[in-house]
Amino acid sequence: MLSEAERRSLEEIEQRLLAEEPRLARTMNRQVRPWLFYSLLLLFGGLTVLLTVIGAFGPAFQCLLVTAAALVLRKYPLRLR
């Protein structure tokens, strides 16, 4: 938790950044599009089911791994320093 003084300082820095570098500020505030995540999840989940039904267990397992990795990385994103 930030103290009230730290919160005011942070807001002041954000306002200055927005005034001086509006393109950078917009880029930093851009959210990841959730429709892309859900469409990929639906695609690979559907492929997993389809490939399992037709008996292609190797590729089905790979699609299942991609689907599981996407779900895990969504909950626990990688933090690269």
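This is a predicted model, so every value here is computed, not measured. Numbers for residues simply follow the sequence, beginning at 1.
Ionic pairing of Arg16 and Glu12 is present here: one or more N-O contacts between side-chain nitrogen and carboxylate oxygen are shorter than 4.0 angstrom.
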side-chain contact (heavy atoms from CB on, under 4.5 Å) between Phe37 and Leu73, worked out:
CA-CA 11 Å; Phe37 169 74; Leu73 289 175; over 6 Å; no
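The distance from atom CZ of Phe44 to atom CD of Gln62, rounded to the nearest 0.5 Å, is 10.0 Å. Taking CZ of Phe61 as the reference point, atom OG1 of Thr52 lies at 11.0 Å (rounded to 0.5 Å). Ser3 contributes atom OG, which lies 8.0 Å from atom CZ of Arg8 (distance to the nearest 0.5 angstrom). Between the CG atom in Leu41 and the CG atom in Leu71 there is a gap of 5.0 Å [rounded to 0.5 Å].
No donor-acceptor pair under 3.5 Å is formed between the side chain of Glu20 and the backbone N or O of Leu17.
Leu50 and Leu64 are members of different hydrophobic clusters when ILVMFWY side chains are connected at heavy-atom separations under 4.5 Å. Using a 4.5 Å cut-off between side-chain heavy atoms of Ile, Leu, Val, Met, Phe, Trp and Tyr, with links allowed through other members, Val66 and Leu43 fall into the same hydrophobic cluster. No chain of hydrophobic side-chain contacts below 4.5 Å, direct or via other Ile, Leu, Val, Met, Phe, Trp or Tyr residues, connects Val53 to Leu47.
Closest heavy-atom contact between Cys63 and Thr48: CB-OG1, 3.2 Å. Minimum heavy-atom separation, Thr67 to Gly45: OG1-N, 3.6 Å.
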